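Note that the coordinates shown come from a computational prediction; the quantities given were computed from them, not determined experimentally. Naming convention: chains lettered A, B, ... in sequence-line order (proteins, then strands); numbering from 1 in each chain. What's counted below: heavy atoms across the whole structure, side chains too, no hydrogens, waters or symmetry copies.
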There are 2 protein chains.
Amino acid sequence: MKRGIDQPPPLAPPLGGAVSPDDDIAVDGPLHDRVYRQLRHALVTGGIVPGRAVTLRGLAQQLGVSPMPVREAIRRVSAEGGLVVGANRRVWVPAMDGERYDELIRARTLLEPEAAVRALPHIDRERLDRLRDIDDSIDVALERGDVEAYMAGNHRFHFEIYAANPSRVLVPLIESLWLQFGPFMRSVYGRLGTAVLVDHHVNALDAIIARDSEALAAAIRADILEGMELIASSVLAAAPASDEDADRRRA
Amino acid sequence: MKRGIDQPPPLAPPLGGAVSPDDDIAVDGPLHDRVYRQLRHALVTGGIVPGRAVTLRGLAQQLGVSPMPVREAIRRVSAEGGLVVGANRRVWVPAMDGERYDELIRARTLLEPEAAVRALPHIDRERLDRLRDIDDSIDVALERGDVEAYMAGNHRFHFEIYAANPSRVLVPLIESLWLQFGPFMRSVYGRLGTAVLVDHHVNALDAIIARDSEALAAAIRADILEGMELIASSVLAAAPASDEDADRRRA
DNA sequence: CTCGGATCAATGTGATCACAATTTCGCCGA
DNA sequence: TCGGCGAAATTGTGATCACATTGATCCGAG
């Protein structure tokens, strides 16, 4: 049973997890920009859980700022698909369903290999070293069963590659996709643990070293497909909507 | 010579063309939403020209609203890539260059055929009729040399197809792409006229009638490639940056 | 005990104001 | 005539307030 976007749903205390005034989020620039990054980070790492309404004043109070910069940050995130505004004008973390998930996978497999290939010529020695470090940290996170560290590492690994290309067309599109499945993945991993996760990044690293475009594209595509289809088959088939799950898990 | 994003550039009177409080833009919903649609429309149809700064209060005054809803609209559009905010915090219509244009083409050819194929099963009789009407209006616009009508029709034709799919993943990505090359296309067409334009939509219509996914994908891909590469070869090669052109043309 | 309506709290929206940074323009000196 | 330099205007940003609307809460009628 799929619930509409702006139906009666159980409005609970403004926010679930912490929004994490985490580290590694730069503290310069306009306030609304800082709020934007914090909000984005909270979504990708699962600090904000699907099925819960996000209120302006609530977020503002949590972050210790006035509602004004939060308003702009929310507008920005919702433009990227990380949040949806109902006809109520109320803001939600969008629910996941099979169709949406399928389109996200498809869009990722279309765009990310392309972005990787275009970035390949720009990947220098230092970036490659950073990629290796990230890959190591991912292995550590997997062994320790640290879901959040794995997700952060995985994100950094992919975008450390794509960002080598200075152009800003493909990367924002891909960021938008990650922002959309991020919260969902978190809630899934939280239930499954890291046991099911495998590190496919070695193939990508080898392809980069060999400067092999096709191999790199194939590695990225395989990484996306195996990871996301694994999740899809093990979860989405059984529980089509993630909203109720999140709510139930909270109780 | 490519100019950086937020360099000294010639800040001229707030806005060039009219922002067009045009028709067919719904007048309900929150003010910031209306402003968003007007701003978007102005960008796609070329009402706002690249290389000119967009000021908050300027836009607000042109639209007869307070700066507040404009702020949110701009934040939203810039999140979609239709505007860029410099380190100055000043807002620009981004300049076009070969690399960016190439990535836009690539992203379009990757995403739009996919979106069309996924929409195909949902295209019913009424939608097909609307598509035929739009195609007719495009032919009329081409004969009359009406660039703006052609662009509007072309936009409507593509999204009338894609929007048949209720899911909201691929379509927003594609809208973002159109928003990015829209202003540029306008300035190009304005110089070339509609003589160089051909209507490739008939093949798409045939494919839809035949329910042929592959043919539809091919038609869309061909439409994108021929249209955009024609422009690229005839203009971008000669004048890599569109900023200066726009400014010069204004003088 | 259940249902329906009225009251009250909370939400998003928009306007206005103050402020600091930036840009622009006019002026003076070379 | 040209090149800085300082004043003034303009910009984006953030806060606060008022308001209409929506959601929750509570109370009483059945």
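To the nearest 0.5 Å, atom CG of residue L177(B) and atom CG of residue L173(A) are 5.5 Å apart.
In this structure, N88(A) does not reach the dG12(C) phosphate: none of its side-chain N or O atoms is under 4.0 Å from OP1 or OP2.
The pair E103(A)-R168(B) fails the salt-bridge criterion, with no side-chain N (NZ, NE, NH1 or NH2) lying under 4.0 Å from an Asp/Glu carboxylate O. D102(B) and R106(B) are not joined by a salt bridge, as no carboxylate oxygen comes within less than 4.0 angstrom of a charged side-chain nitrogen. Comment: R156(A) does not engage E160(A) in a salt bridge, judged by the lack of any side-chain N to carboxylate O separation of less than 4.0 angstrom.
With hydrogens and angles ignored, the 3.5 Å screen pairs no side-chain donor or acceptor of Y36(B) with any backbone N or O of R75(B).
When the P atom of dT16(D) is taken as reference, atom CG of L56(A) falls 14 Å away, rounded to whole Å. Straight-line distance from the CG atom of L59(B) to the P atom of dG12(D): 10 Å, rounded to whole Å. For the pair R90(B) CZ and dT11(D) P, the computed distance is 7 Å after rounding to whole Å. Distance CD (Q61(A)) to P (dT16(D)): 13 Å, rounded to an integer number of Å. One atom, CG of L63(B), and another, P of dG14(C), lie 13 Å apart when rounded to the nearest Å. Atom pair D33(B):CG and dG12(C):P shows a separation of 15 Å (rounding to whole Å applied). At whole-Å resolution of the value, CZ in R89(B) and C1' in dG12(D) are 7 Å apart.
Ring centroids of F159(A) and Y162(A) are separated by less than 6.0 Å, placing the two rings close together.
In the region residues 67-75 of chain A, proximity to DNA chain D at under 4.0 angstrom, judged on heavy atoms, holds for M68(A), P69(A).
Under the 4.5 Å side-chain criterion, counting only non-hydrogen atoms from C-beta, Y150(A) is in contact with N154(A).
Distance from the side chain of P30(A) is smallest to dG14(D) among dT13(C), dA15(D), dG14(D). Closest contact between the side chain of L31(A) and the listed nucleotides dA15(D), dG12(D), dT11(D) involves dA15(D).
When each of R57(A) and H32(A) is assigned the nucleotide of DNA chain D with its nearest heavy atom, H32(A) is the one assigned upstream, toward the 5' end.
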